[in-house]
Colleague: 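Take a look at this one; I'll ask things after.
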Amino acid sequence: MHYSEAHVFRILENQTSAVTFILVGFSEYPDLQVPLFLLFLTIYTVTVLGNLGMIAIIRLNPKLHTPMYFFLSHLSFVDFCYSTVVTPKLLENLVVEDRRISFTGCVTQFFFACIFVVTETFMLAVMAYDRFVAVCNPLLYTVAMSPKLCWSLVAASYSWAVFLSFIFIYFLLTLFFCGTKFINNFVCEHAAIVAVSCSDPYISQKVIFIFATFNELSSLLIIITSYIFIVITVMKMPAAGGRYKVFSTCASHLTAISIFHGTILFLYCVPTTKSSWLLVKVASVFYTVIIPMLNPLIYSLRNKDVKDAVRKLMSSHLSL
């Protein structure tokens, strides 16, 4: 069935006032509301401080003005934005009884969450390519990874994410929603939204499945290919010290990739039956709340340059 843009906007206008969603979240565990609030508040605080701190350190230290840290600053920005789209509403719903969210609010949250998760998917792939060039073509690294190329790769990641988010929203708005519906999640995630649709969500589900599969396969192909060449190059290095330095630099990135893609793949592999909604919620917490906190910790704790920059910054402030 063909839907014009006017038709979609008409649906949105009609449903905005008539439809209300209630985010179930973790309300089935009343005794855990306060402990979960304190836990997620702590995680969000660490996320904000960690990611904004990482951006500030990279901007303030000239030694970190390299392509690798340029991409890392954008990864931190995406993590900060992503967590900010999701966590404040989660915290609110843990302390108030009224867990309603408007149709427009829910669609808006889904739209921005899509933008940042897709951007992160390809930002990690771009960072893998950057490590490949740095390890396999070190003499040509500064020429190959020019500022123009770096900006182009970042802009492409954001642009593709925005484009896909508009497609997902378009097909989501072709669905019909009626009355007050309970969304069995703490975030307006696609599977939870279409589960309460009053019309057949097959096309919307198929569209998001196709693009999500494409994103995962294409980004993982870039990452795996890059690291195969990195491993081959490293194994040819005569000095063990050189091998250790390369592997320690790449370890942070591989850790972030494993956690992010492992969670996304797990989430898409879990069937959304009633018995599996708790698993879906736990997986959603992991990649929307916990991963944005882990990334700056992973890169700061395992990265000598970042640790040296933090020490230098702290010592300069203490000496004032």
Colleague: For residues Tyr129 and Phe71, determine if any side-chain heavy atom of one lies less than 4.5 Å from a side-chain heavy atom of the other.
Modeller: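 Not in contact.
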Colleague: Taking only residues at least two apart or on different chains, which pairs with a member in residues 184-208 satisfy ring-ring contact (aromatic ring centres under 6.0 Å, His included)?
Modeller: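 Residue pairs passing ring-ring contact (aromatic ring centres under 6.0 Å, His included), neighbours aside: Phe26-Phe186, Phe110-His190.
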Colleague: Are the side chains of Asn215 and Trp160 in contact, using a 4.5 Å heavy-atom criterion?
Modeller: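 The answer is yes, as the side chains (C-beta and beyond) meet within the 4.5 Å cut-off.
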Colleague: Check Lys148 against Ser152 and note the closest heavy-atom contact, atom names and distance.
Modeller: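 Closest pair (atom of Lys148, atom of Ser152, distance): O-OG, 2.8 Å.
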Colleague: Does Leu72 reach the side chain of Tyr69, with side-chain heavy atoms less than 4.5 Å apart?
Modeller: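 In short, these two side chains touch, coming nearer than 4.5 Å.
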Colleague: Measure the CD1-OG distance between Ile43 and Ser83 for me, rounded to the nearest 0.5 Å.
Modeller: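 Here the rounded value is 9.0 Å.
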Colleague: Say whether Ser284 and Thr288, considering side chains only, have a donor N or O and an acceptor N or O under 3.5 Å apart.
Modeller: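 Their side chains do not contain a donor-acceptor pair, so the 3.5 Å distance test is not met.
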Colleague: Quick check: closest heavy atoms across Val78 and Phe116, and the distance to 0.1 Å?
Modeller: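 Looking at all heavy atoms of both residues, the shortest contact is CG1-O, 3.2 Å.
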Colleague: At their closest point, which heavy atom of Leu91 faces which heavy atom of Leu41, and how far apart are they?
Modeller: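 Smallest heavy-atom distance, with atoms named: CD2-N, 3.5 Å.
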Colleague: Please give me the minimum heavy-atom distance between Pro201 and Leu175, naming the atom from each residue.
Modeller: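 Smallest interatomic distance, heavy atoms only, reads CA-CD2, 3.6 Å.
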Colleague: Specify the closest pair of heavy atoms between Cys188 and Ile101, including all atoms of both residues, with the distance to one decimal.
Modeller: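 Looking at all heavy atoms of both residues, the closest pair is SG-CD1, 4.1 Å.
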Colleague: Are side-chain heavy atoms of Val117 and Phe260 found at a separation under 4.5 Å?
Modeller: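 With C-beta onward as the side chain, the pair touches.
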Colleague: Check whether any side-chain heavy atom of Pro67 lies under 4.5 Å from a side-chain heavy atom of Tyr141, and answer yes or no.
Modeller: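 The answer is yes, as the side chains (C-beta and beyond) meet within the 4.5 Å cut-off.
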Colleague: Only pairs at least two apart or in different chains count here, so list each side chain to side chain donor-acceptor pair (under 3.5 Å) that has a residue in residues 36-64.
Modeller: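 Qualifying pairs: Tyr44-Thr84.
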Colleague: Determine whether Phe177 and Cys198 satisfy the following criterion, side chain to side chain contact (heavy atoms under 4.5 Å, CB included), listing intermediate values before the conclusion.
Modeller: CA-CA 5 Å; Phe177 296 90; Cys198 298; 5.5 Å; no
Colleague: Name the orientation class of the two ring planes belonging to Phe103 and Phe21 (parallel below 30°, tilted from 30 to 60°, perpendicular beyond 60°).
Modeller: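 Phe103 vs Phe21 ring planes: tilted.
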Colleague: Does the plane of the ring in Trp151 sit parallel, tilted or perpendicular to the ring in His74? Use 30° and 60° as the thresholds.
Modeller: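 Ring orientation, 0 to 90° scale: perpendicular.
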Colleague: What are the two closest heavy atoms between Cys106 and Ile183, and how far apart are they?
Modeller: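 Closest pair (atom of Cys106, atom of Ile183, distance): SG-CD1, 3.7 Å.
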Colleague: How about Phe122 and Tyr158: are their ring centres within less than 6.0 Å of each other?
Modeller: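 Distance test on ring centres: not under 6.0 Å, no.
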Colleague: Counting distance only, does the side-chain N/O of Ser219 pair as donor-acceptor with the main-chain N or O of Glu216 below 3.5 Å?
Modeller: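 Checked: pair present.
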